[in-house]
Amino acid sequence: MKITVTKGPDAGVEVTIDEPGIYLVGRSSDCKLRLNDPETSRRHAAITIAPGRAIVDDQTSRNGTRVNDVRVQHAMLKDGDVIRVGGTSITVDGLAAAAPPPDMTLSAIDPTMRVLASLDHRDADLLAGSKVDETDADRENEMLRGVGEVSNILVSGADREPLLQNVLDHIKTLLNADSACVMLWDAETTEWSFAAVSANPGESSPTVSVSRTIINQAVKDGMALLTENPLADDRFGPSESIMIHKISSALCAPMTIDDEITGALCINRRSRADAFNPLDLRFTATVANILGVYLEKLRIQDEYIKQERLAAVGQVIAGLAHYAKNIITGLQLSVAGVQRMLKRESFDNMKTCVEAIANEERRLTNLILDMLSYAKDREPMRLEMDVNHVLESVSRPFETELGTRSIKLEQTLTPDLPKLMAEKNALHRVFLNLFVNAMDALDGVEGRDKCIRLTSALSEDGKMIEVTMWDSGCGIPTSETEDIFGVFFSTKGSKGTGLGLAVSRKIIEEHHGTITVESHEDNWTKFRIQLPVEVPKS
């Protein structure tokens, strides 16, 4: 990988990185890229090169680190990215050569591997205690703490892939292993696949190699296995190239649900001097059981969500024809009116007809956008944004209409809120939907002031930005407050699609936030949105 300074006092300086590792950027003499920029900190940022990825981390610098003009704490890098530290801009190139993906293969049958110990996965409960020598008691306690730490990681709420990666990194450190991986079994294709891999980033050619023999035997017998390779010994020396990457000691534990194999946890060492022991085997089997339950829970959740989504889409399709028919009827009437005016060459009502056509076109566009937003799982395209600016851009176009409808708008937007890393257009749609709903809720209100209150604030702990939308409208019946976020539920009759709030909730949840509603029937309604200031690490 090549780092090139393109702007700043050191413009033109180039640094080449050939090996995986952690490289500092800043003014300190121990930095790989030493800068003379007074706006940079001594150790401003760190670039980590690991198998298959390159990452930049801000080192609590005083001026922050930006990637492509977006301030970051932690960010993946790709070729062409521009890192800005202080007044210095740096481009990166050639990442593929510096961070090649680990060689993840199922190795051929290795006749030199032999089984030293085995353990039925049903007897692998490390938490139940075991008979160990007093000299092993400290190590067992360490293993018990490791099981607890793995369990805590699994309930942290992160996405599956980074969560499994975190678990493997933790296991590999605890067992002083060279590599670890989770493999999943696909019964339909009868093939194994890597779900997550952890290998040592400091090696020039990191390898994750898993023996078919070990996995097949572990799966066939339903046993966790401890194996060794007596030929992979340091005594052979570097000239024996056939021994490079040989597995000297391995642990393999099947992951099962109701005695059905779903995957395997494999851990390897290539140092003959430090072979695994039976306590390591029990720990691995215990963690494999926990991982099996966790992955089965995720599978059930995914199936439920898919079924719920399909049922919801079916409901939408069932009502879509009626709603689309209303839009088309409105368009046809307006177009017919324009045609009559053109024929008579009298254009008194042209403005009304054109506005009606634009109105129906907007309804149809919103329907399509809502359908696409709800039907597709996606990760927000995050950029730095100001929540207050978005809220102001939502309400500003309605100033005239609010006056015409005698609606008072009260905005209390807390200044200097932290910037959010979020998808601006998506959040704009959420706030716009709530604002339009609030105006619609005030239609027909008599005997009291019509009012919409829009607020933004920082939570007491400083971790969340809270936005509220309050209206003095018709309110929501208590029996319906639990249903309003459901698909195809609408209180607007033929005016609504029943998708707006469902899509809004989906967008907010994609941003790791929450949206809730409070209401008093025939009196008021308040929606509260909370969005995290820091993007949760996945």
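Between the side chain of N68 and the backbone N or O of V82, at least one donor-acceptor pair lies under 3.5 Å. Judged by distance alone, the side chain of H44 and the main-chain N or O of S41 form a donor-acceptor pair under 3.5 Å. When atom types are taken as modelled, the side chain of D10 and the backbone of L35 share no donor-acceptor pair closer than 3.5 angstrom. No donor-acceptor distance shorter than 3.5 angstrom exists from the side chain of D58 to the backbone of A45, with no hydrogens or angles considered. Looking only at distances, a side-chain donor or acceptor of T6 sits under 3.5 Å from a matching main-chain atom of S89. S249 contributes no side-chain N or O that, together with a main-chain N or O of R269, makes up a donor-acceptor pair within less than 3.5 Å. In this structure a side-chain-to-backbone donor-acceptor pair under 3.5 Å is missing from D93 to D79. Listed for the T65 side chain is no donor-acceptor partner under 3.5 Å among the backbone atoms of V85. Q59 places a side-chain N or O within donor-acceptor distance of the main-chain N or O of D57, the cut-off being under 3.5 Å. R27 places a side-chain N or O within 3.5 Å of a backbone atom of T40 that can act as its donor or acceptor partner.
Atoms CZ and CG, on F527 and N437 in that order, are 6.5 Å from each other to the nearest 0.5 Å. Expressed to the nearest 0.5 Å, how far CE of M464 lies from OG of S459 amounts to 6.5 Å. Summarising the geometry, atom CZ belonging to R505 is positioned 12.0 Å from atom OG1 belonging to T516; distances are rounded to the nearest 0.5 Å. Interatomic distance, CG of L458 versus CG of D416, reported as 11.0 Å (0.5 Å rounding). The line from NZ of K7 to OG1 of T91 is 13.5 Å long, rounded to the nearest 0.5 Å. To the nearest 0.5 Å, atoms NZ (K419) and CD (E384) are separated by 6.0 Å.
Using a 4.5 Å heavy-atom cutoff, the side chains of V15 and V5 are not in contact. In this structure, the side chains of F431 and I529 come closer than 4.5 Å at one or more pairs of heavy atoms. Here the side chains of V25 and C31 are not in contact, with every heavy-atom distance at 4.5 Å or above. Between W470 and I452, every side-chain heavy-atom pair lies at or beyond the 4.5 Å cut-off. By the 4.5 Å heavy-atom criterion applied to side chains, I83 and L77 are counted as neighbours. Taking the side chain as every heavy atom from C-beta outward, I290 and S151 approach each other to under 4.5 Å. Residues L265 and L251 have side chains not in contact (no heavy-atom distance under 4.5 Å, counting atoms from C-beta outward). Between M255 and L295 there is a side-chain heavy-atom pair separated by less than 4.5 Å.
In the displayed structure, E460 atom CD is contacted under 6.0 Å by at most 12 heavy atoms of other residues, nucleotides or ligands. By the neighbour-count criterion of 12 heavy atoms within 6.0 Å, atom CG of D30 is densely surrounded, having more than that number from other residues, nucleotides or ligands. The number of heavy atoms from other shown groups lying within 6.0 Å of CG (L298) is above 12.
Between V197 and C181 the shortest heavy-atom distance is CG2-CB, 4.1 Å. Listed here is the closest heavy atom pair of L154 and Y294: O-CE1, 3.7 Å. In plain terms, the two heavy atoms of V533 and P418 that are nearest each other are CG1-CB, 3.8 Å. A pairwise comparison of heavy atoms in K172 and A180 identifies CD-N, 4.2 Å as the closest pair. For the pair S456 and L391, the tightest heavy-atom approach, listed with the atom from each and the gap, is CB-CD1, 4.0 Å. In terms of heavy atoms, L420 sits closest to P532 at CD2-O, 3.3 Å.
In this structure, E410 pairs ionically with R453, as a charged nitrogen and a carboxylate oxygen lie closer than 4.0 Å. Residues R145 and E149 are not paired through a salt bridge, judged by the lack of any N-O separation under 4.0 Å between the basic side chain and the carboxylate. Between D81 and K78 there is a salt bridge, since a side-chain N of the basic residue sits under 4.0 Å from a carboxylate O of the acidic one.
Between I508 and the choices V467, V503, L531, the side chain to side chain contact (heavy atoms under 4.5 Å, CB included) rule is met once, by L531.
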**Request:** Start with the C-alpha distance between T412 and T455, add both sets of side-chain angles, then the distance that settles side-chain hydrogen bond (donor to acceptor under 3.5 Å, both in side chains), and finish with yes or no.
**Result:** CA-CA 5 Å; T412 307; T455 71; over 6 Å; no

**Item:** Check against side-chain contact (heavy atoms from CB on, under 4.5 Å), T4 and V13
**Value:** CA-CA 6 Å; T4 305; V13 172; over 6 Å; no

**From CA spacing to verdict: side-chain contact (heavy atoms from CB on, under 4.5 Å), K506, I515** = CA-CA 10 Å; K506 181 173 179 289; I515 178 171; over 6 Å; no

**Item:** Verdict with reasoning, N63 to S61, per side-chain hydrogen bond (donor to acceptor under 3.5 Å, both in side chains)
**Value:** CA-CA 6 Å; N63 291 328; S61 63; over 6 Å; no

**Request:** For the pair L281 and F276, evaluate side-chain contact (heavy atoms from CB on, under 4.5 Å) and give the outcome as yes or no after the intermediate values.
**Result:** CA-CA 8 Å; L281 178 64; F276 293 120; over 6 Å; no

**Prompt:** Checking side-chain hydrogen bond (donor to acceptor under 3.5 Å, both in side chains) for the pair H511/E423: CA distance, chi angles, key distance, verdict?
**Reply:** CA-CA 8 Å; H511 285 79; E423 185 169 338; 5.4 Å; no

**Request:** Could you give me the CA-CA distance, side-chain angles and deciding distance for Q411 and S395, then say whether side-chain hydrogen bond (donor to acceptor under 3.5 Å, both in side chains) is met?
**Result:** CA-CA 9 Å; Q411 290 191 117; S395 61; 3.1 Å; yes

**Request:** Check the pair W185, T262 against side-chain contact (heavy atoms from CB on, under 4.5 Å), reporting the backbone distance first and the verdict last.
**Result:** CA-CA 5 Å; W185 172 251; T262 59; over 6 Å; no

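Residues E392 and N388 have side chains that never bring a donor and an acceptor to within less than 3.5 angstrom of each other. Remark: the D178 side chain and the N268 side chain contain no N/O donor-acceptor pair separated by less than 3.5 Å.
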